[in-house]
Amino acid sequence: MDNAEDIQSARSDASALASVPIEITVSVGRARPLIRDLLHLDEGSVLTLDKQLDDPVELYVGDRLIGMGVLEVIEEGGQSRLAVRLTEVADLKAPA
């Protein structure tokens with residue numbers, strides 16, 4: 001195969017993948033309770049996170065960090081929804 005065929009094949013593969021949904025996880029912080037405290041958790045318990053309300057959140061696909069953002073509330077169809085406004089996007093073409 002020559003380079004032109006390789007490029008065309010890669011573009012075809014990329015366009016086929018373009019409509020495949022992925023799951024992005026948004027990490028807002030971590031809690032580090034002691035095991036004894038974890039054993040006493042009940043409905044209504046509160047876990048304190050290691051982040052402030054206005055701190056950036058991290059976006060992951062699997063274990064790979066793909067960006068950073070800030071939480072926002074948007075109005076959609078008369079309902080409030082939680083959203084993330086991206087502030088940084090990782091170079092997704094670079095090897096993990």
Side-chain angles (χ1 to χ4, degrees):
M1 234 191 247
D2 64 17
N3 279 346
E5 288 174 345
D6 288 344
I7 292 170
Q8 184 61 33
S9 176
R11 284 185 183 152
S12 177
D13 290 346
S15 66
L17 292 175
S19 62
V20 175
I22 61 167
E23 184 171 297
I24 296 176
T25 300
V26 178
S27 175
V28 297
R30 297 180 192 275
R32 292 183 176 83
L34 298 173
I35 291 177
R36 71 170 171 255
D37 297 331
L38 185 67
L39 294 173
H40 291 97
L41 288 179
D42 200 358
E43 186 174 326
S45 296
V46 176
L47 288 173
T48 302
L49 302 178
D50 61 353
K51 300 255 184 146
Q52 300 294 319
L53 188 58
D54 294 331
D55 283 349
V57 296
E58 300 167 330
L59 288 82
Y60 291 91
V61 172
D63 292 334
R64 185 169 180 184
L65 179 67
I66 63 160
M68 302 289 288
V70 292
L71 294 177
E72 292 188 359
V73 175
I74 60 171
E75 295 298 322
E76 191 177 83
Q79 295 185 357
S80 297
R81 306 266 322 216
L82 193 57
V84 177
R85 180 174 305 277
L86 296 177
T87 57
E88 289 181 48
V89 177
D91 180 3
L92 300 178
K93 295 178 183 168

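Below, all heavy atoms of this structure are taken into account, side chains as well, without hydrogens, waters or symmetry copies.
Screening V70, V84, T87 for a side chain to side chain contact (heavy atoms under 4.5 Å, CB included) with V57, the sole residue that qualifies is V84.
Pairs passing the salt bridge (charged side-chain N to carboxylate O under 4.0 Å, His left out) check and including a residue from residues 65-92, sequence neighbours excluded, read E72-R85, E76-R81. Judged as a side chain to side chain donor-acceptor pair (under 3.5 Å), the pairs with a partner in residues 52-61 (not counting sequence neighbours) are, in order, E58-Y60.
For the atom pair CG (D63) and OG1 (T25), the distance works out to 9.5 Å, reported to the nearest 0.5 Å.
The same ILVMFWY cluster, assembled from side-chain heavy atoms under 4.5 Å apart, contains both L49 and V26. L65 is not connected to V89 by any chain of hydrophobic side-chain contacts under 4.5 Å among Ile, Leu, Val, Met, Phe, Trp and Tyr, and they are in different clusters.
With sequence neighbours excluded, no residue satisfies salt bridge (Lys or Arg N to Asp or Glu O under 4.0 Å) with R36. Applying the side-chain contact (heavy atoms from CB on, under 4.5 Å) criterion to D42, with sequence neighbours excluded, gives S45. Residues passing the side chain to side chain donor-acceptor pair (under 3.5 Å) test with R32, sequence neighbours excluded: D50. With sequence neighbours left out, the side-chain contact (heavy atoms from CB on, under 4.5 Å) criterion links I24 to I22, L59, V61, I66. With sequence neighbours excluded, the residues that form a side-chain contact (heavy atoms from CB on, under 4.5 Å) with I35 are L39.
Other members of the cluster containing I74 do not exist, because no ILVMFWY side chain is joined to it at under 4.5 Å.
Minimum heavy-atom separation, P33 to L47: CG-CD2, 4.2 Å.
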